[in-house]
Amino acid sequence: MVAFHAVAVGPYWRTVVAAVHADRAVRGRALVDAGIDRVLRDLSPHLRFTPTGRSYELSYECAFGAGVVLTPDGRGVTLVPSYFVPQPVVLDDPTGPMVLAYPIRPIRRELTTGTPLADLLGRTRAAVLTAAADTPTTSQLARVVGVSVASASQHAATLRAAGLVTSHRTGPAVRHALTPLGEQLLRAGTTAEVSRR
């Protein structure tokens, strides 16, 4: 475990810690500015918090199949930002608060990522891949990158066919997210650019 940590985690630990701190700051500002509803609503596209009077009911779309509905019943929910989980994970211990580990958003990057990545994918497609790190809808993707919705959809389809993003319908919208391969490519492109400087 120590050897694995030294190779797989240690070199990136400062990035992990910075990303977790950035996420906590964003959540804290959202809590102060907009309230707990905004914080819960923005945690993940795989979670649905429904107010039920004085408490919330959590609908959880887990990686293993159909959705699960959990009710904290006044025990509270401890939010744990995680750099490593791809989807939310819930620990529901009836003797204590529900623990919800959720994937954090990567630290905001420039839309035109490192030059090597833009050279490989093209400037617009590299920007679409970068923007997909925030799990946007197609219209949000178009707005962030500065292209039409049709163009954003076409770029997302190309990235999806290459195994770099996934797309899931949530209600009337389609959300796009990075696959592990897409995250790896994005990180490699950013690292390459930093090393060139």
Side-chain angles (χ1 to χ4, degrees), residues 15 18-20 22-23 25-27 29-31 33-35 37-50 59-63 66-67 81-88 102-197:
T15 301
V20 169
D23 184 83
V26 168
R27 306 287 176 203
R29 281 195 300 273
L31 180 63
D33 295 343
D37 286 337
R38 170 67 62 81
V39 174
L40 297 177
R41 189 171 63 242
D42 289 348
L43 281 179
S44 167
H46 300 284
L47 298 170
R48 299 284 181 276
F49 283 91
T50 307
S59 299
Y60 170 51
E61 180 186 312
C62 65
S82 173
Y83 194 83
F84 298 103
V85 298
Q87 277 188 240
Y102 62 93
I104 62 172
R105 295 176 179 154
I107 295 174
R108 193 82 180 156
R109 303 173 186 89
E110 292 300 318
L111 288 180
T112 52
T113 61
T115 303
L117 187 58
D119 288 346
L120 175 67
L121 298 177
R123 188 175 170 132
T124 302
R125 200 158 289 154
V128 169
L129 182 69
T130 302
D134 291 333
T135 321
T137 63
T138 304
S139 58
Q140 289 170 335
L141 197 60
R143 189 166 52 252
V144 169
V145 176
V147 296
S148 69
V149 173
S151 178
S153 180
Q154 184 178 16
H155 285 300
T158 301
L159 294 171
R160 185 169 58 250
L164 301 176
V165 301
T166 59
S167 301
H168 301 286
R169 183 165 291 283
T170 55
V174 175
R175 285 197 174 273
H176 309 281
L178 293 176
T179 64
L181 180 61
E183 289 182 11
Q184 200 171 23
L185 181 63
L186 197 57
R187 284 191 187 128
T190 304
T191 303
E193 177 62 18
V194 169
S195 66
R196 285 164 52 124
R197 292 176 186 166

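Just so it is clear, the model here is predicted, and its values are computed rather than measured.
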Could you tell me whether the side chain of S82 reaches within less than 4.5 Å of the side chain of P103, counting heavy atoms only?
->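 Not in contact.
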Please name all residues satisfying side-chain hydrogen bond (donor to acceptor under 3.5 Å, both in side chains) with S139, sequence neighbours left out, ordered by chain then number.
->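 S139: side-chain hydrogen bond (donor to acceptor under 3.5 Å, both in side chains) contacts with T137.
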Residues two or more places apart in sequence or in another chain: which of them pass side-chain hydrogen bond (donor to acceptor under 3.5 Å, both in side chains) with R143?
->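 side-chain hydrogen bond (donor to acceptor under 3.5 Å, both in side chains) list for R143, sorted by chain: empty.
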List in chain and number order the residues that pass side chain to side chain contact (heavy atoms under 4.5 Å, CB included) with [X], two or more places apart in sequence or in another chain; answer none if no residue qualifies.
X    : value
S153 : T138
E183 : L178, R187
T158 : R125
T179 : T166, L181

Gap separating the OG1 atom of T135 from the NE2 atom of H168, nearest 0.5 angstrom |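 Here the interatomic distance stands at 9.5 Å.
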Pick one: which of L121, V144, L159 meets side-chain contact (heavy atoms from CB on, under 4.5 Å) with V128?
->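 By the side-chain contact (heavy atoms from CB on, under 4.5 Å) criterion, V128 pairs with just one of L121, V144, L159: L159.
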Side chain of R160, backbone of G163: donor and acceptor closer than 3.5 Å?
->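 No, R160 side chain to G163 backbone: no donor-acceptor pair under 3.5 Å.
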Looking at every non-hydrogen atom in both residues, tell me the closest pair between [X] and [Y] and how far apart they are.
X    : Y    : value
A156 : L141 : CB-CD2, 4.3 Å
V85  : Y102 : CG2-C, 3.9 Å
V174 : S167 : CG1-CB, 3.9 Å
V20  : P81  : CG1-CG, 3.9 Å
S148 : S151 : OG-N, 3.0 Å

